[in-house]
Colleague: 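Have a look at this one.
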Amino acid sequence: MRNHLWDHFGLDLPDMQKKFNTIPSINEVVAFWYVLQHLRGYKPFLTKLRFEKKFSGNLQRGKAEIEQEKAQKKAQEDLEWERQYKITNRGFRI
């Protein structure tokens, strides 16, 4: 499967209204950034990521089913280990 992810580091009005903009030095930088982008026509930074990945599994299974399978597998491995090493209260006995 080919995947294309992208994000832009643009700045909009809601970004100007965030709490961190109350810090004077940050507020100045964000204000300059906003002016450059919206009033002077500068484009925001754009990050593109492309990759190919082979996925396996079933899309119909959810997180709960996968976690339940892992827990069952771990419990089975623990029982097998316990049988193999015969754990007692006094320590290991082979």
Colleague: Could you list the residues that satisfy side chain to side chain contact (heavy atoms under 4.5 Å, CB included) with Leu39, not counting sequence neighbours?
Modeller: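 Expected list: Val35.
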Colleague: For Lys70, which residues count as a salt bridge (charged side-chain N to carboxylate O under 4.0 Å, His left out) partner, sequence neighbours excluded?
Modeller: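 In terms of salt bridge (charged side-chain N to carboxylate O under 4.0 Å, His left out), with neighbours along the sequence ignored, Lys70 is linked to no residue.
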Colleague: Got a sec, which pairs hit salt bridge (charged side-chain N to carboxylate O under 4.0 Å, His left out) with one end in residues 47-57, sequence neighbours left out?
Modeller: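 For residues 47-57: Arg2-Glu52.
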Colleague: Does Phe51, at its CZ atom, have more than 12 non-hydrogen atoms belonging to other residues, nucleotides or ligands within less than 6.0 Å?
Modeller: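 Enclosed.
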Colleague: Under the side chain to side chain contact (heavy atoms under 4.5 Å, CB included) test, which residues partner Leu79, sequence neighbours left out?
Modeller: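 Expected list: Arg83.
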Colleague: Tyr34: what forms a side chain to side chain contact (heavy atoms under 4.5 Å, CB included) with it, not counting sequence neighbours?
Modeller: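 For Tyr34, the residues satisfying side chain to side chain contact (heavy atoms under 4.5 Å, CB included) (neighbours in sequence not counted) are Leu11, Leu13, Met16, His38.
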Colleague: Side chain to side chain donor-acceptor pair (under 3.5 Å) with Asp7: which residues, sequence neighbours excluded?
Modeller: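 If we apply the side chain to side chain donor-acceptor pair (under 3.5 Å) test to Asp7, skipping adjacent residues, there are no hits.
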Colleague: Once you round to the nearest 0.5 Å, how far does CD of Gln72 lie from CD of Gln76?
Modeller: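 It comes to 9.0 Å.
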Colleague: For Asn3 and Met1, work out which heavy atoms get closest and say how close.
Modeller: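 Closest approach of Asn3 to Met1: ND2-O, 3.6 Å.
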Colleague: Starting at CH2 of Trp6, measure out to OG1 of Thr47 and round the result to the nearest 0.5 Å.
Modeller: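 So the CH2 of Trp6 and the OG1 of Thr47 are separated by 10.5 Å.
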Colleague: Determine whether a donor-acceptor pair (N or O, by modelled atom type, separation under 3.5 Å) exists between the side chain of Glu65 and the backbone of Gly62.
Modeller: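 Yes; judged by distance alone, with no hydrogens or angles, the pair exists.
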